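Just so it is clear, the structure is predicted and the values come from calculations on it, not from any experiment.
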Amino acid sequence: MGLGVLEVSSTEHVPGTSYVFDDASRPAGTGLIDSRLKYDRTGPVPIILVPQPSDDPNDPLNWPLWKRDTILFILSIISVMASTLSPLLAANTLTLALYYQRNFTQMALLTGYHLCAVGVAGFLFVASARVWGKRHLYLLGNVLLIVSSAWGGASGHSYKSLLWARVLQGVSLAPFEALVNASVGDLYFVHERGKRMALSNLALFGGAFFTPVLVGKITHTLGWWWSFYFIAIFAAAVLPLVIFFVPETAFRRASHLNTDFTGEGSLQRDPGSRHVPGYEISYHRTHAPGHSPGESGNASLDKDPADIDISTSRDRVLVPKKVSYARSLLPFNGRKTDENFLKLLLRPLPLFLNPAILWACLIQGTMIGWTVFIGVVLAAIFLGPPLFFDEVKTGYMYTGAFVGAVVGFLGAGLLADWSTKVMIRRNRGVYEPEFRIVLVVAQLVFGCAGLYGFGITGNNVTRYGWFWPDFFFGLEVMGMVLGAVASALYIVDAHREIAVEAFTCLMIFKNMFSFGLTFGAYDWLVKAGSLKTFYVIASIQIGVCLLSIPMYIFGKKNRAFFRRHDLLKMMHLW
């Protein structure tokens, strides 16, 4: 048992389990570092690169770190803009209700149908990403973001026109919500993903909480339609960056290099290389004459993976030429799989039966749903006496949520990799993806406290005023983002082979769950009251968080079980 994670009974390789560090008790230079593997030597202890990069210069893992970080930064910028779409109307609920002469539920459905479109479009886009890569979808999403936002601003007094603009905005958001986290898995090694995953999630969620703060003021001074126009303008400004500096991140890498999810391939062990039952690293390499097993490679590692421990012991193979910059600008650069598109389209659906995927859906989806619920009812809670909030003050209530999101992602960025490295050392250099689940403790503490606190203080604003509901809203969002990072990291590390399909499941669940909440949010609040409603919500979330205990303990057994009983292969979808 590795730190509470139950071992499998056999010696099979379990996807996700891998060596990341050479054990600290095995110093470098004693002949125990395997020259056939590539390492990160920037730190005091060499880190085995997981997955192993190929020799192809077009492999994203071989790109310089600055290039990979630039790609992620640009994707994060456009993701911030796309993520602002979902809460775009949160501060304007009362204004638009009066403008269109509609009730609060109909205003909530402008967000509800938008979220529904995100789920449906993402379901279609993921299959397309599997076949043709992600670049064409990032370009499409950016263009649709410009068009749909301009349409929304120009919709005038037509509620139906605004509704369809919101639906198209949902379609434009889908590529970023579905694929950016998966691109982190494309671009980075396991030990590099923690803070980058925090950044991508901050972009996808954090920007959404700052939007209402600005929208309320924009509506008050320029009119609500300018909140749409500004998004169109800024998205148009970012489009050239996506066109010229975001190449395709998907790559067809040889299966034996994906050491985090496959144990297949020829493995040559040497006397100086320790083998632990159940843990295996696969590679295809033979020794050159005069280069014995166990010799340490002499190449030093800089920041760029292309320079990492390239040993002369490698088989002589034809290395593809680097693709020209002009060709990299094409929206398509070849198929990424030979599989049938229809099978890929249906592939995510059976994964809801995998406890790991279902756990991730609940951890991330329910908290996002409660956040949407708060955003929908926020104006109603503070509309009447004694506060009489208008759109500006309602928008300012998202300040706490934005601060909570930033603190949450900073905390996740600091804790995710640090806690994992500590656990790896304690586990003698063996990495288990379940180590990522530990972050859910923070969601349990902060997120559930935020839900309970918001219900108590929001139920009596005469006594507590606006500050304490805002404070607890921030705690709820902080817990939400910590759980989102934990679940995203777990999916990428434990099930990277099906990460795109798994993120599709997460996207479908959270958007459909949030969509359902928009139908009954106001009725539920009116009938039960703020206090009882949020007591129920917070208690449900405690139950969801506690599911992390069996997931942590039995997670490895679950990974082994579904490797032996592959749902997708059993249903002929793989």
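- Contact record, Ala129 with Lys134: CB-CG, 4.2 Å, taken as the closest heavy-atom pair.
- In this structure, the side chains of Thr249 and Ser183 come closer than 4.5 Å at one or more pairs of heavy atoms.
- Met397 approaches Trp466 most closely through the heavy-atom pair CE-O, 3.7 Å.
- When atom types are taken as modelled, the side chain of Arg196 and the backbone of Val184 share no donor-acceptor pair closer than 3.5 angstrom.
- Inter-residue side-chain proximity for Leu199 and Leu72 is flagged as met; some heavy-atom pair is nearer than 4.5 Å.
- A parallel orientation is assigned to the rings of Phe176 and Tyr138, their planes being inclined by less than 30° (bins at 30° and 60°).
- What you find for Pro348 and Cys505 is that their closest heavy atoms are O-SG, 3.1 Å.
- Inter-residue side-chain proximity for Leu349 and Phe123 is flagged as met; some heavy-atom pair is nearer than 4.5 Å.
- With ring centers used as reference points, Tyr398 lies under 6.0 Å from Phe473.
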Please report, to 0.1 Å, the donor-acceptor pairs under 3.5 Å made by any side chain of residues 480-488, with sequence neighbours excluded.
residue: Ser487; atom: OG; partner: Gln364; partner atom: NE2; Å: 3.1
residue: Ser487; atom: OG; partner: Gly483; partner atom: O; Å: 3.0
residue: Ser487; atom: OG; partner: Ala484; partner atom: O; Å: 3.1

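- Pro212 places none of its side-chain heavy atoms less than 4.5 Å from the side chain of Thr394.
- Enclosure of atom NZ in Lys67 by more than 12 non-hydrogen atoms of other residues, nucleotides or ligands within 6.0 angstrom is indicated.
- Classified by interplanar angle (parallel below 30°, tilted 30° to 60°, perpendicular above 60°), the ring pair Trp224/Tyr100 is tilted.
- With a 6.0 Å radius and a threshold of 12 heavy atoms from other residues, nucleotides or ligands, Trp151 has its CH2 atom above the threshold.
- The two residues Tyr552 and Leu3 come nearest to each other via the heavy atoms OH-O, 2.6 Å.
- At least one side-chain heavy atom of Leu110 sits under 4.5 Å from a side-chain heavy atom of Tyr159.
- In this structure, Thr518 contributes its side chain and Phe515 its backbone to a donor-acceptor pair below 3.5 Å.
- Distance CD1/Ile146 to CD1/Ile233: 11.0 Å, rounded to 0.5 Å.
- The line from CZ of Phe509 to CD1 of Ile368 is 10.0 Å long, rounded to the nearest 0.5 Å.
- In this structure, Tyr229 has its ring center closer than 6.0 angstrom to the ring center of Trp226.
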- [ ] Output, in order, the C-alpha distance, side-chain angles, deciding distance and verdict of side-chain contact (heavy atoms from CB on, under 4.5 Å) for Leu85 and Ser172.
- [x] CA-CA 9 Å; Leu85 301 177; Ser172 70; 3.6 Å; yes
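- Defined by atom type and a distance below 3.5 Å, a donor-acceptor pair is present between the side-chain atoms of Tyr99 and His157.
- Atom CD1 of Ile508 is separated from atom CZ of Phe352 by 5.0 Å, given to the nearest 0.5 angstrom.
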- [ ] Report the C-alpha separation of Ile363 and Ser548 in whole Å, then their side-chain angles, then the decisive distance to 0.1 Å, and conclude whether the side-chain contact (heavy atoms from CB on, under 4.5 Å) test is met.
- [x] CA-CA 9 Å; Ile363 288 294; Ser548 300; 3.7 Å; yes
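- Applying the 6.0 Å contact sphere to OH of Tyr522 captures more than 12 heavy atoms from other residues, nucleotides or ligands.
- Looking only at distances, no side-chain donor or acceptor of Ser158 sits under 3.5 Å from a matching main-chain atom of Ser155.
- Here CG of Asn142 is found 4.0 Å from CD1 of Ile78. Values are rounded to the nearest 0.5 Å.
- Checked against the 6.0 Å centroid criterion, the rings of Phe373 and Trp524 qualify as a close aromatic pair.
- Looking at Arg135, its side chain does come within 3.5 Å of a backbone N or O of Val246 through a donor-acceptor pair.
- Ring geometry for Phe471 versus Trp468: interplanar angle over 60°, hence perpendicular rather than tilted (30 to 60°).
- The structure places CG of Leu162 at 12.5 Å from CH2 of Trp225, a figure rounded to the nearest 0.5 Å.
- Side-chain contact between Val372 and Leu517: absent, with no pair of heavy atoms (C-beta onward) separated by less than 4.5 Å.
- Residues Gly458 and Ser530 approach most closely at C-OG, 3.9 Å, considering heavy atoms.
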Task: Leu168 vs Leu144, side-chain contact (heavy atoms from CB on, under 4.5 Å): CA-CA, chis, key distance, verdict - done: CA-CA 7 Å; Leu168 188 59; Leu144 290 181; 4.2 Å; yes
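- Looking only at atom types and distance, the side chain of Tyr431 has a donor-acceptor partner in the side chain of Asp493 under 3.5 Å away.
- Shortest non-hydrogen contact noted between Asn181 and Val492 is O-CG2, 4.2 Å.
- Within the 4.5 Å cutoff, no side-chain heavy atoms of Phe472 are placed close to those of Ile456.
- Atom CD1 of Ile374 sits about 6.0 Å away from atom CG of Leu451, to the nearest 0.5 Å.
- Looking only at distances, a side-chain donor or acceptor of Asn511 sits under 3.5 Å from a matching main-chain atom of Met507.
- A distance of 6.0 Å or more separates the ring centres of Phe534 and Tyr452.
- In summary, the aromatic rings of Trp359 and Tyr490 are positioned with their centroids under 6.0 Å apart.
- Sparse packing is recorded around CH2 of Trp164, with 12 or fewer heavy atoms of other residues, nucleotides or ligands lying under 6.0 Å away.
- With a 4.5 Å cut-off on side-chain heavy atoms, Tyr396 and Val213 count as touching.
- Between the side chains of Ser83 and Glu177, no donor-acceptor pair is found at a separation under 3.5 Å.
- Residue Glu391 is tested with Thr93, Thr95, Asn92 for a side chain to side chain donor-acceptor pair (under 3.5 Å); the sole match is Thr95.
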- [ ] Report the C-alpha distance between Gln541 and Trp370 in whole Å, list the side-chain angles of each, state the deciding distance to 0.1 Å, and finish with yes or no for side chain to side chain donor-acceptor pair (under 3.5 Å).
- [x] CA-CA 9 Å; Gln541 192 59 40; Trp370 309 139; 2.9 Å; yes
Task: Residue pair Leu187, Glu192: steps toward the side-chain contact (heavy atoms from CB on, under 4.5 Å) verdict - done: CA-CA 9 Å; Leu187 291 167; Glu192 296 175 328; over 6 Å; no
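- Taking a 6.0 Å sphere around NE2 of His220, one finds it holds 12 or fewer heavy atoms contributed by other residues, nucleotides or ligands.
- Each of Asp390, Val461, Val377 was scored for a side-chain contact (heavy atoms from CB on, under 4.5 Å) with Phe382, with one residue passing: Val461.
- Within the 3.5 Å criterion, the main-chain N or O of Tyr188 finds a donor-acceptor partner in the side chain of Arg193.
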